[in-house]
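A short worksheet on the structure shown next.
First the proteins, then the strands, lettered A, B, ... as listed; each starts at 1. Remember, it's a predicted structure, so these values are computed and weren't measured experimentally.
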Amino acid sequence: MKRALPFILLLAGTAAMYLLMPYNLAFATRILVMGIFVLSIDLVLGFAGIATLGQAAMYGAGAYAAALFAAHAWAEPVAGLAVGAAAGAVVALLSGLVLMRASGLTLIMLTIAVAALLAETANRARDLTGGADGLRVAFGPVLGLWEFDFIGQTGFCYAAAVGACVLGLLALVARSPFGLSLRGLQSSPARMAAIGAPVYPRRVAAYTLGGAIAGIAGALSAQVAGLVSLETFSFTLSAEALVMLILGGTGRLWGALLGTVLFMFAHHYAAAADPFNWLFAIGALVMVVVFVLPGGLLSLPGALKGGRHD
Amino acid sequence: MTLLLNIALDGIAYGMILFLVAVGLSVTMGLMRVVNLAHGGFALMGGALAHWAGADLGLGFWPALACAILGTVALALPLERLVYRRIYGFGELQQVLATIGLTFIVIAAVNRWQGSALLPVPLPETLSRTVDLGFRTLPAHRIAVILCGLGVILGLWLLLDRTRFGIRLRAAVDNRAIASAHGIVTDRIYMATFGLGAALAALGGVLGAELLPVDAYYPLRYMVLFLMVVAVGGMGSVTGSFAAALGLGITETAARYLVPDMATFAFYGIVILVLALRPQGLMGRIA
Amino acid sequence: MSRKPLAALAAVTLGLAAGQATADEIRVGVVAPFSGPFALYGTQFRQAIEAWQATHGTRAGDHEISFVYKDSGGVNPDLARSLSQELVIRDRVDVLAGYVFTPNALSVAQLATQSETPVVIFNAATSAINAESPFFLRTSYTLPQVSAPLADWAYAQGIRSVVTTVADYGPGIDAETAFSEAFTARGGAVTDTIRMPLSTTDFAPFLQSVRATGPEAVFVFLPGGPPTFAYAKAYAENGLKEAGITFLGTAETEESNLQALGDGALGLHTAYHYSAAHDSDANRAFLAAVEGLGDDAAPVNWASVGAWDGADLIYRMVEAAGADGRAAIEAALGAEWESPRGPVRMDPESRTLVQNVYIREVTRNPQTGLLENAETGIIATVGDLGWKD
Amino acid sequence: MTEGLVVRGLSKRFGGLVVSDGLDFDLPPGARKALIGPNGAGKSTFANLVTGIHAPSSGSIRFDGADISDMDETARVRLGIAKTFQITTLFTGLTVRENLRLAVLERERRGFRLFCRADGDPEVEAEIAALMDQLALEPLADRVVERLAYGQQRLVELAMTLALKPRVLILDEPAAGVPGSETHLITDAIEALPADLAVLIIEHDMELVFRVARSIVVLVAGRILTEGTPAQIASDPQVRELYLGGAHG
């Protein structure tokens, strides 16, 4: 029962968003998409300990792949998600073969460089991608049944369903031998090698899986917005998502979700009220979390109790 | 032949600007092992102070530059004490986040103070002239930057390799506990080094402004560029940053002459190639 | 996913829409960057609108007009669309306005069409945007609109060879195409086309290449801000002016960064639809209205005038049609008025303004001592030359 | 006939520095050998060469007749050559049970399994329980490793290494850093190791060495000085010179 509690809370939260914010469904949908993206970073960074500031490379690849697939092959969104996931996975696999041999600052730089290269490629391939103008694509009804409406009901329910699937998948993975081995990788690559685990292939696998999920998030964003822009590859997107993850707490799925929801709400309301001071607020918030709550907000109850959680 | 000369000249001039804007980071990140994403923030402080001194106080270029460097150091030292001292022992990611947070605060502060428009520092007559080199002209400013870059690398080499301060700094970085045991006051050494990094950041921000114009969002716009130079050069090596800046500068300049639309690919391609083959950077020590 | 809540919500929304038609208050949602590197646009939009309301009141016909502002940051179509949707559905705005970047404008096409909400674009200048929804209107300009007349003017000045240097992204290439087509159609020769990476800050290599080619003029298109600043500097420093290579630009000498360019900018030629130095009563009234806002007034440039004319157009639409989107579009098409930039007319087909394009030269105003874009003549009165239906 | 680990002419240079110089070494099944020598003699480098962390500059390493000189660490562990580190290296954020589970699952090559629970296999859980029982770790089973005493962490590391079911076990200073009151835990555990397991102990603690080793190799400056039974080594004048003459003991 206790294990199911977070799921029940999450379900209730999603339903509450739908019922309490019927006029803000587009915003609620963006939270869901971002949540999936942050989960993908959590898998790569929080579980496997692979430091990245370039996860947007896979997000953008997924978004463009889904849009191009819809424009030239089949406009059904669920198929588009599969294509987006595949594109994210392929980009992560190919870049991961080089990147996963590096670590630390070098790795961070390489992830940034890969995203920058992809952005430039998409910019250059204007005939295909529309370049800086963006690529506008009309997607068909979800599973041929539900048309995307401008109020955003279909978009929200669709994103919630996809988000639930991704979360379910990651909850499975987190408890699997693979998930355990990722935590091992993060904790001590030397020890992993000493127990005979193939460290490099395992890191590539983790990066690829994270890439697939980022690809799904990107594809989903393309579908609900009906548009893809070069900004899907941007450093800002990677960095912002990372801040959300750290805010919530790394290495735990709920941390990723909590951080995303809080950050997005804070941004939506605080930034609307005072865009300038928002930057002050976010800067201060990040520093407070790093200094005072390195485990993220999810570690707050434990910290308040005075004891450390086990 | 003229083309080759052009590439060499513009490449060195551009590379030297890259070196000047990144060398402060090479000091804080390379020597002190802090992934200091707020480096651009200190350069911005310098640029904004110089603009303020020039435009609002009516000072000339050189007094404005001095004002920028001193002002930035004056702001950096308390920050070292309050913020950086606490993050020296953190992991790379934590350092990245803490310094990104600091960068946001600096941007917001400058934005509030000076607005979001460009913050130019008008050059003095001596630097805004163009110098005739026979086959072409070159702005005097670029020549000054090249000389300044050479001066900085020489000065740092003397400081780090030839003085007691340098020896103590390297001892402090390599092993803080042992250095303390030998009576080296590591806190002061760290503070002085950090001040040096901030001063170099301000110098680079002001001198580099002709190519990398300063506005409130300067730190975010060029953060990746600074980091790339230092990462390619190798952590812990000022000489490495120098080589990387010149190498990247000449490569990108050559691409701009020969295949202008591929220049971005050339830049990132080289970065990926170098880091994939030598993860520790050109002259980095293996950790 | 049940159909029930959908139906219920649709009913609610329709009910709200029905209530709106009789309401006296018309709300306009402005989506623009109010934070980040492009925050100046948002400030200029807001100040132009406030200046308009300060001088023209808040009533149009029988309707009270109010504006709601939303911060879209930079290029972020997801956010722009979500904010616009929220404005239409929750804040019940009757008109959307603003939109600095092309992707952001494109992202609301479907929303505008489905909800029949007129969208008045204050800035985004890619020709193709307006084809995406019949509810798009544009009070700025399009790239071909200014680039092609510039080519005509250059040819008329006796310039026969040009090298184009543009930023390697959509708008840059659109400008390059429009200029080259117009220039070669006249009989001129484009001897080289250089596309410069968007992130470039060191323009010396490109301009040295231009110099080596030795054309009579160089055409440039760059995004505003630091790149433009660095390019203008590099043009002066690399001796192109001395070599007799004329600078042909568009928005490069816009007013918000003009003073920062310094003396190096003197004599630069640009073709554009608005200069803050335009000599007319309408412009003086506009400048006075913005200055009347107080010390915080941002420099006035094309973005300000786009918003000012946008407000003008919105007032006309509301006066004629109230909250009825379709009727409002009908009322807007063909509308003519005297703008601070000169006479303008909303082209019924391309839904972009037909306006004068001026040739300007950067000079120092002897009275204020400041740099300004002195208009030396009208080159053309044109609509969107890039419009393809 | 199994021949175990056979090392011939093994050398390792780091730049100009020769750390291992033409070593010949045998470790048949059931062996209990100790490698001793002063600091800097190249003991840890030897261990790293055997386990594949470093590649040799020359020479060969054979295991059960097959040349494994070019194999990487992972492949050697999978052949059955396992080691503990000089400084305890564990998954510090995980519990004792999770550390052991990870080792067992990797040995079983299940690390890529995505869709079953890591703790879902009763056989694996039973094996973990047996290992903890063997080293008296049960009371600590669900404690996070980083909060254990150092001697306890040492035991966890030993248990993890045993979980790999190795045929060659290299213990790099198993008692280093362990308080005297806890050393017996380590000694007892080593004495209770399976009889057919080949064990190499690198250690400074002579008491421990003389208690568990049946044969001792003395390494000085990258070369083997001498090899013999504990009694022979204890009476060897060269060794006495080395250890009583001021070098570390």
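- If you tally non-hydrogen atom pairs under 4.5 Å between each of Asp174(C), Leu198(C), Asn104(C), Val108(C) and chain A, the highest count goes to Asp174(C).
- Taking every heavy atom of both residues into account, Ala132(A) and Pro103(C) meet most closely at O-CG, 3.2 Å.
- Remark: the backbone N or O of Ala26(A) is not paired with any side-chain donor or acceptor of Arg81(C) at under 3.5 angstrom.
- Leu79(C) touches chain A through backbone and side chain together, each having a heavy atom under 4.5 Å away.
- Using a 4.5 Å cut-off between heavy atoms, Thr126(C) touches chain A through its side chain atoms alone.
- Taken from CG in Leu227(A) to CD in Glu132(C), the straight-line distance is 9.0 Å, to the nearest 0.5 Å.
- Atom OG in Ser82(C) sits 7.5 Å away from atom CG in Asn24(A) (nearest 0.5 Å).
- The stretch residues 97-123 of chain C participates, sequence neighbours left out, in these salt bridge (Lys or Arg N to Asp or Glu O under 4.0 Å) pairs: Glu116(C)-Arg326(C).
- The most heavy-atom pairs under 4.5 Å with chain A, out of Pro77(C), Gly74(C), Gly73(C), Pro197(C), come from Pro77(C).
- With contacts defined as side-chain heavy-atom distances shorter than 4.5 Å, the pair Asn76(C)/Glu231(A) does not qualify.
- Looking at His268(A) and Glu86(C), their side chains come closer than 4.5 Å, going by heavy atoms from C-beta outward.
- Chain A forms more heavy-atom pairs under 4.5 Å with one residue of Ala124(C), Ala128(C), Pro33(C), Ser115(C) than with any other, namely Ser115(C).
- Taking a cutoff of 4.0 Å between a charged side-chain nitrogen and a carboxylate oxygen, Arg126(A) and Asp168(C) do not qualify as a salt bridge.
- The CD atom of Gln114(C) lies 11.5 Å from the CZ atom of Phe148(A); values are rounded to the nearest 0.5 Å.
- For the atom pair Gln110(C) CD and Phe139(A) CZ, the distance stands at 11.0 Å (nearest 0.5 Å).
- For the set Asp78(C), Leu83(C), Asp91(C), the count of heavy-atom pairs under 4.5 angstrom toward chain A peaks at Asp78(C).
- At a 4.5 Å heavy-atom cutoff, the contact between Asp133(A) and chain C is made by backbone and side-chain atoms alike.
- Under the rule for a side chain to side chain contact (heavy atoms under 4.5 Å, CB included), the partners of Asp71(C) that lie at least two apart in sequence or sit in another chain are Pro275(A), Phe34(C), Ser35(C).
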